[in-house]
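Input: a single structure, listed below in structure tokens.
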Number of protein chains: 2
Amino acid sequence: MSTEKAAALPHGVEDPSSAYSLDGQVGFLLRCAYQRASGNLLRRIADHGLTPAQFSVMARLYERGSMSQNRLGRLVGMEPANIRDVVQRLKRRGLLETRPAPDDARRLVIDFSEKGRSLIARLIPLEIESSAQTLASLNPEEQQTLLQLLGRLVEAEDR
Amino acid sequence: MSTEKAAALPHGVEDPSSAYSLDGQVGFLLRCAYQRASGNLLRRIADHGLTPAQFSVMARLYERGSMSQNRLGRLVGMEPANIRDVVQRLKRRGLLETRPAPDDARRLVIDFSEKGRSLIARLIPLEIESSAQTLASLNPEEQQTLLQLLGRLVEAEDR
DNA sequence: ACCATATCGTTATGATCATAACGATATGGG
DNA sequence: CCCATATCGTTATGATCATAACGATATGGT
């Protein structure tokens with residue numbers, strides 16, 4: 001059974017073992033769904049010059065307050081190299097400020113500028129709208145279910 | 001039943017405006033979940049030199065057979081500029097072949113090389129394993145629910 | 001036949017992401 | 001004190017993605 005004839009079939013429609021469907025794979029569905037959600041948010045905040053990734057960094061900082069760059073990255077699911085780039089762009093635009101940590105010379109503490117803090121405060125309602133739009137094809141109970149299941153898929157993150 | 005307001009408010013105040021939680025936003029959860037799924041797949045197929053996006057292109061082509069580059073892109077949720085880059089990389093590695101469409105001088109028809117077809121056939125079982133790993137924290141019924149809800153979120157795609 | 005419109009593929013720019021390799025700094029055990 | 005180990009931030013490379021602008025080709029209405 002190792003050398004199945006499936007390899008020779010163009011589309012594998014006749015073979016029950018190739019009942020595989022890309023549309024039934026979590027990874028693929030998650031990518032499509034994220035693209036949709038990302039687009040919904042981007043359309044609302046692009047005028048303010050933020051991307052979805054930048055928004056999540058700002059929102060997390062708004063929730064939790066100042067912290068080190070690496071920790072901020074972990075809390076939004078970004079690698080150190082990635083969070084660094086995002087922070088640098090936000091800093092260049094005067095939305096974030098950085099300073100060395102007093103107790104640990106390795107750490108870089110990230111904080112808002114006044115401009116940054118007021119911007120994210122104004123943008124959070126737009127993200128709430130965008131979430132509602134993304135979920136619009138589900139009824140409220142289904143929406144809750146989806147959020148709960150997604151949360152459990154991701155549960156092990158550092159929070 | 002409306003869910004408990006389990007969100008622990010730092011100040012114990014019931015200010016609805018501060019009830020916002022990044023962790024409760026679909027877009028953010030979807031990004032984290034996709035990263036996890038993507039990592040699970042990448043760990044399995046990286047040895048064969050494919051990325052998750054490249055995998056989805058190959059899998060779709062395997063399911064549906066030859067088609068134009070733009071249509072292939074739509075069927076995996078990629079913009080024309082994006083699917084072009086992916087196809088070029090796969091072509092450069094001898095996994096895909098392209099030829100002009102006989103009936104429409106604008107179209108570029110994408111097809112497998114033998115090497116490409118046999119590679120994707122061998123990789124699909126790994127993707128099925130990876131999907132199972134991604135969903136491992138949910139029971140079978142919850143897994144079905146999640147897939148169904150995600151499918152409805154994305155429903156309007158060109159299929 | 002003509003023309004407005006749509007589609008296809010391309011180019012360019014900028015942002016996002018993972019990975020690997022690296023130097024600098026803490027930290028804890030011997 | 002010293003060293004192994006871990007963590008922090010950085011650099012570099014390559015892939016993924018959206019957007020905008022563009023030329024070429026189809027297509028449908030008049």
Side-chain angles (χ1 to χ4, degrees), chain A residues 27-28 30-47 49-57 67-74 76-93 98-110 158, chain B residues 27-28 30-47 49-58 67-93 98-110 158:
Chain A
F28 181 72
L30 286 170
R31 184 163 67 85
C32 293
Y34 173 62
Q35 276 181 19
R36 182 152 302 204
S38 175
N40 288 340
L41 178 58
L42 192 61
R43 243 169 276 125
R44 291 164 202 270
I45 65 176
D47 289 345
L50 285 194
T51 66
Q54 289 170 353
F55 177 90
S56 70
V57 168
M67 66 185 86
S68 79
Q69 177 175 282
N70 265 21
R71 174 158 168 73
L72 181 55
R74 278 195 302 276
V76 295
M78 291 183 190
E79 301 292 320
N82 184 19
I83 183 67
R84 179 193 167 267
D85 289 347
V86 175
V87 165
Q88 279 201 335
R89 283 182 214 108
L90 292 171
K91 184 181 175 185
R92 196 185 316 135
R93 291 180 39 205
T98 66
R99 53 190 152 85
D103 57 322
D104 188 334
R106 298 170 303 175
R107 288 193 170 87
L108 196 62
V109 176
I110 315 295
D158 172 11
Chain B
F28 181 72
L30 286 171
R31 183 163 68 85
C32 293
Y34 174 63
Q35 275 181 20
R36 182 152 301 205
S38 175
N40 288 340
L41 179 58
L42 192 61
R43 245 169 275 124
R44 291 163 202 269
I45 64 176
D47 290 345
L50 284 194
T51 65
Q54 290 170 353
F55 177 91
S56 70
V57 169
M58 302 273 287
M67 67 184 85
S68 79
Q69 177 176 280
N70 265 22
R71 174 158 169 74
L72 180 55
R74 277 195 303 276
L75 290 179
V76 295
M78 291 183 189
E79 301 292 321
N82 183 18
I83 184 65
R84 177 193 168 269
D85 288 346
V86 175
V87 164
Q88 278 202 337
R89 282 181 214 109
L90 292 171
K91 185 181 176 184
R92 196 186 314 136
R93 291 178 41 204
T98 66
R99 53 190 151 85
D103 57 322
D104 189 334
R106 297 170 304 175
R107 288 193 170 88
L108 197 62
V109 175
I110 315 294
D158 172 12

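Naming: A, B, ... by sequence-line order, numbering from 1 per chain. Computation of the quantities below employed the complete heavy-atom set of this structure, encompassing side-chain atoms and omitting hydrogens, waters and symmetry-equivalent molecules.
Rounding to whole angstrom units, CE of residue A:M78 and P of C:dA18 are separated by 9 Å. Atom CZ in B:R89 sits about 10 Å away from atom C1' in D:dC17, given to the nearest Å. For A:R31 and D:dA15, the CZ to C1' distance is 12 Å, given to the nearest whole Å. Spacing between atom CZ of B:R36 and atom P of C:dA18 amounts to 12 Å, rounded to whole angstrom units. Taking atom CG of B:L50 as the reference point, atom P of D:dG14 lies 18 Å away to the nearest angstrom. Here D:dT16 presents its C1' atom at 17 Å from CZ of B:F55, a figure rounded to the nearest Å. With rounding to whole Å, B:D103 atom CG is found 16 Å from D:dA24 atom C1'. Separating the CG atom of A:N82 from the C1' atom of C:dA18 is a distance of 9 Å, rounded to the nearest angstrom.
Residues satisfying the side-chain contact (heavy atoms from CB on, under 4.5 Å) criterion with A:A37, sequence neighbours excluded, are A:T134, B:L30. Evaluation of the salt bridge (charged side-chain N to carboxylate O under 4.0 Å, His left out) rule for A:R84 yields no partner, not counting sequence neighbours. Not a single salt bridge (charged side-chain N to carboxylate O under 4.0 Å, His left out) links A:R43 to another residue, sequence neighbours left out. Under the rule for a side chain to side chain donor-acceptor pair (under 3.5 Å), the partners of B:R107 that lie at least two apart in sequence or sit in another chain are B:D104. In this structure, A:R93 has no salt bridge (charged side-chain N to carboxylate O under 4.0 Å, His left out) partners at least two apart in sequence or on a different chain. Applying the side-chain contact (heavy atoms from CB on, under 4.5 Å) test to B:R89 and every residue at least two apart in sequence or in another chain returns B:Q54, B:D85, B:V86, B:R92. For B:N82, there are no side chain to side chain donor-acceptor pair (under 3.5 Å) partners, not counting sequence neighbours.
If you find the closest nucleotide of DNA chain D to B:Q54 and to A:R43, the one lying nearer the 5' end belongs to B:Q54. Both B:Q35 and A:A105 lie close to DNA chain C; mapped to their nearest nucleotides by heavy-atom distance, the more 5′-ward contact belongs to B:Q35.
Counting only Watson-Crick or G-U wobble pairs whose defining distances are both under 3.5 Å, the stems of 3 or more consecutive pairs in DNA chain D are C:1-30 with D:1-30.
A donor-acceptor pair is defined here as one N or O able to donate and one able to accept, closer than 3.5 Å; such a pair exists between the side chain of B:R31 and the backbone of A:V76.
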Produce a footprint string for nucleotides 3-11 of chain C: one letter per nucleotide, 5' end first; B if the base is under 4.0 Å from any protein heavy atom, S if only the sugar-phosphate is, - if neither. ---BBSSBB
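OP1 or OP2 of D:dA18 has not a single side-chain nitrogen or oxygen of A:S38 nearer than 4.0 Å.
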Can you check side chain to side chain contact (heavy atoms under 4.5 Å, CB included) on B:V109 and B:M67, steps first, answer last? CA-CA 5 Å; B:V109 175; B:M67 67 184 85; over 6 Å; no
